[in-house]
2 protein chains.
Amino acid sequence: MSSPSTPARGRPARLDRDRTVDTALDLLDEVGLDALTMRRLADAMDVQAGALYRYFATKDDLLTAMAERMLADLAATGTDGDWSERLTTLARAMRAALLARRDGARVYAGTHATGPHTLGFAEAVVGVLRTAGFGEEDAARSLMALAHFTIGHTLEEQAALRPSGDGGAADPERLRLAAEPERYPQLAAVLPTLTSGDFAAHFDFGLSLLLRGLRALEHS
Amino acid sequence: MSSPSTPARGRPARLDRDRTVDTALDLLDEVGLDALTMRRLADAMDVQAGALYRYFATKDDLLTAMAERMLADLAATGTDGDWSERLTTLARAMRAALLARRDGARVYAGTHATGPHTLGFAEAVVGVLRTAGFGEEDAARSLMALAHFTIGHTLEEQAALRPSGDGGAADPERLRLAAEPERYPQLAAVLPTLTSGDFAAHFDFGLSLLLRGLRALEHS
DNA sequence: ACCTGAACACCGTTCAAGT
DNA sequence: ACCTGAACACCGTTCAAGT
């Protein structure tokens with residue numbers, strides 16, 4: 001919108017979109033989303049907060065650029081194996097990309113990126129599905145199901161890890177305390193699995209459910 | 001943590017947890033999550049902002065209580081049909097509960113409720129799965145897959161509806177503009193489905209994938 | 001016991017003015 | 001052209017003091 005045009009006249013700029021997004025992602029890892037403020041970021045770049053607004057119209061604009069950057073190099077994965085192996089690789093790569101940064105899922109879910117990395121990922125997933133013979137509708141909806149499951153999952157994963165509001169106990173501990181066996185017998189019985197912390201296995205289970213469903217759809 | 005004990009001595013309280021959560025949910029529908037501040041809420045209750053802290057330790061505590069309330073009466077659904085019909089009903093009811101309030105999915109995903117409504121829902125889902133013969137591990141992981149898919153989906157649904165940051169165009173419009181057919185041919189081809197706005201159909205498709213996957217798991 | 005008033009330490013954002 | 005300085009209109013949270 002307001003990006004400075006090419007020939008670097010005058011003083012060389014201390015700021016630019018790319019360097020700012022880099023610094024912002026580093027700062028995100030350091031302090032988390034809730035403490036990532038425009039002033040803190042400006043500080044990290046040795047600049048006043050107002051200066052950032054020459055490169056990003058709003059904080060949301062910055063967060064969107066960060067979200068986009070997190071998905072870099074995603075579409076390159078998923079080129080080996082049959083369609084279900086490719087989709088598995090793509091989905092796992094998206095999960096890994098979101099988990100790679102502190103609060104990554106929350107950043108991604110909160111903004112709505114439509115940049116080249118996001119679109120490239122979608123293109124790759126739909127490409128695999130269409131090549132496998134799925135129709136336009138099924139391919140589009142499968143993309144959404146895979147993406148929404150992945151986002152929902154990583155969101156909960158990252159939420160489960162931290163202090164979480166009041167007392168201090170993290171998510172699994174709170175659940176263990178809350179799920180009294182008398183009131184919630186079924187829940188209490190599955191608590192070991194629910195609080196196991198083996199998120200990769202949980203993710204793969206859900207993913208395999210979706211892919212098994214697709215396989216069944218294929219032969220019908 | 002700091003709830004006033006039972007006998008209503010002194011002046012009758014103007015505030016209490018339940019009334020405050022009610023008002024907060026109404027205010028949420030009116031102004032949205034981003035504009036839901038402690039001061040605005042206090043205003044709506046004819047009180048100073050500080051007074052709210054006698055009933056909620058933090059704003060997050062309030063949001064958690066709001067999230068819990070949104071899931072009221074959820075576990076009561078899903079009592080008819082076979083296990084897959086029951087799970088369908090439960091998942092749809094959760095989607096409906098989150099969609100019922102403005103930014104409902106964002107409120108729910110942002111806080112980690114472990115109250116009776118949330119636990120009751122989990123108990124119901126696990127109950128259906130265990131009764132259908134699924135093992136403890138599969139039942140626990142299926143609950144997570146269903147919940148995370150539902151949360152991810154409703155999050156995107158509600159995000160797709162609103163103004164969304166910069167220019168003004170809502171999410172589907174931005175996607176239509178960004179998905180150039182030359183760079184993203186596969187994506188462009190499925191754009192009609194992707195931007196159709198028939199979210200209920202998209203949700204049911206993903207849900208049916210998960211259930212089909214479970215059915216396949218059953219016979220193996 | 002319950003709430004007010006006022007403060008503390010912040011926010012995102014804007015914009016004249018400097019260099 | 002790029003950034004500073006300073007302001008505007010807010011935040012969540014705390015806590016003495018009033019009633």
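In the text below, chain A, chain B and the rest are named by the order of the sequence lines, each starting its count at 1.
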**Student:** Quick test: give all pairs of protein nitrogen or oxygen and nucleotides 3-6 of chain D nitrogen or oxygen below 3.5 Å, distance rounded to 0.1 Å.
**Tutor:**
residue	atom	partner	partner atom	Å
D:dC3	OP1	A:Arg14	N	2.5
D:dC3	OP1	A:Leu15	N	3.3
D:dC3	OP2	A:Tyr55	OH	3.0
D:dC3	O3'	A:Arg14	NH2	2.6
D:dC3	N4	A:Arg54	NH2	2.3
D:dT4	OP1	A:Arg14	NH2	3.4
D:dT4	OP2	A:Gln48	N	2.6

**Student:** Can you tell me which stems DNA chain D forms when a stem means 3 or more consecutive Watson-Crick or G-U pairs under 3.5 Å?
**Tutor:**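 Paired runs of 3+ in DNA chain D: C:4-8 with D:12-16, C:12-16 with D:4-8.
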**Student:** Rounded to whole angstroms, how far apart are CZ on A:Arg19 and C1' on D:dC2?
**Tutor:**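 Atom CZ in A:Arg19 sits about 14 Å away from atom C1' in D:dC2.
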**Student:** Is the shortest distance from a Lys or Arg side-chain nitrogen in B:Asp16 or B:Arg54 to a carboxylate oxygen in the other one below 4.0 Å?
**Tutor:**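 Looking at B:Arg54 together with B:Asp16, the answer is no, because their closest N to O distance does not fall below 4.0 Å.
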**Student:** Begin with the C-alpha distance, continue with both residues' side-chain angles, and end with the deciding distance and a verdict on side chain to side chain contact (heavy atoms under 4.5 Å, CB included) for A:Leu129 and A:Asp138.
**Tutor:** CA-CA 9 Å; A:Leu129 286 159; A:Asp138 288 352; over 6 Å; no
**Student:** Round to a whole Å and report the spacing from CG of B:Asp61 to C1' of D:dT13.
**Tutor:**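 In whole Å, D:dT13 C1' and B:Asp61 CG are 13 Å from each other.
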**Student:** For residues A:Arg176 and A:Thr195, is any side-chain donor paired with an opposing acceptor at under 3.5 Å?
**Tutor:**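 A donor-acceptor contact under 3.5 Å links the two side chains.
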**Student:** From CG of A:Asp60 over to C1' of C:dC11, roughly how many Å is that when rounded to an integer?
**Tutor:**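 Atom CG in A:Asp60 sits about 15 Å away from atom C1' in C:dC11.
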**Student:** How many Å lie between CZ on B:Phe56 and P on C:dC2, as a whole number?
**Tutor:**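 That distance rounds to 14 Å.
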**Student:** Separation of B:Lys59 atom NZ from D:dT13 atom P, in whole Å?
**Tutor:**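 After rounding, the gap between these two atoms is 8 Å.
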**Student:** Would you say the side chain of A:Leu33 lies within less than 4.5 Å of the side chain of A:Leu28, judging by non-hydrogen atoms?
**Tutor:**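 In short, these two side chains touch, coming nearer than 4.5 Å.
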**Student:** Between D:dT13 atom P and A:Asp34 atom CG, what is the distance in whole Å?
**Tutor:**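 So the two atoms are 11 Å apart, to the nearest Å.
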**Student:** With a 3.5 Å cut-off and no angle check, do the side chains of A:His202 and A:Ser196 form a donor-acceptor pair?
**Tutor:**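 Checked: A:His202/A:Ser196 side chains pair up, N/O donor to acceptor below 3.5 Å.
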**Student:** Would you kindly give the CZ-to-C1' distance between B:Arg39 and D:dG12, to the nearest whole Å?
**Tutor:**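 The distance from CZ of B:Arg39 to C1' of D:dG12 comes to 7 Å, rounded to the nearest Å.
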**Student:** In whole angstroms, how far is the C1' atom of C:dG12 from the CG atom of A:Leu33?
**Tutor:**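 So the two atoms are 14 Å apart, to the nearest Å.
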**Student:** Does the side chain of A:Thr58 pick up a donor-acceptor pair with the side chain of A:Tyr53 at under 3.5 Å?
**Tutor:**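 There is no such pair (donor and acceptor under 3.5 Å, judged by atom type) between the side chains of A:Thr58 and A:Tyr53.
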**Student:** Examine B:Arg95 relative to B:Phe203 and say whether NZ or CZ is less than 6.0 Å from the centre of the six-membered ring and inside a 45° cone about the ring axis.
**Tutor:**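 Judged by the rule, B:Arg95 and B:Phe203 form a cation-pi pair.
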**Student:** For the residue pair B:His153 and B:Phe149, is the inter-centroid distance of their aromatic rings smaller than 6.0 Å?
**Tutor:**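 Ring centroids of B:His153 and B:Phe149 are less than 6.0 Å from each other.
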**Student:** Is any side-chain heavy atom of A:Glu156 less than 4.5 Å from a side-chain heavy atom of B:Met144?
**Tutor:**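 Heavy-atom side-chain distance check fails, nothing below 4.5 Å.
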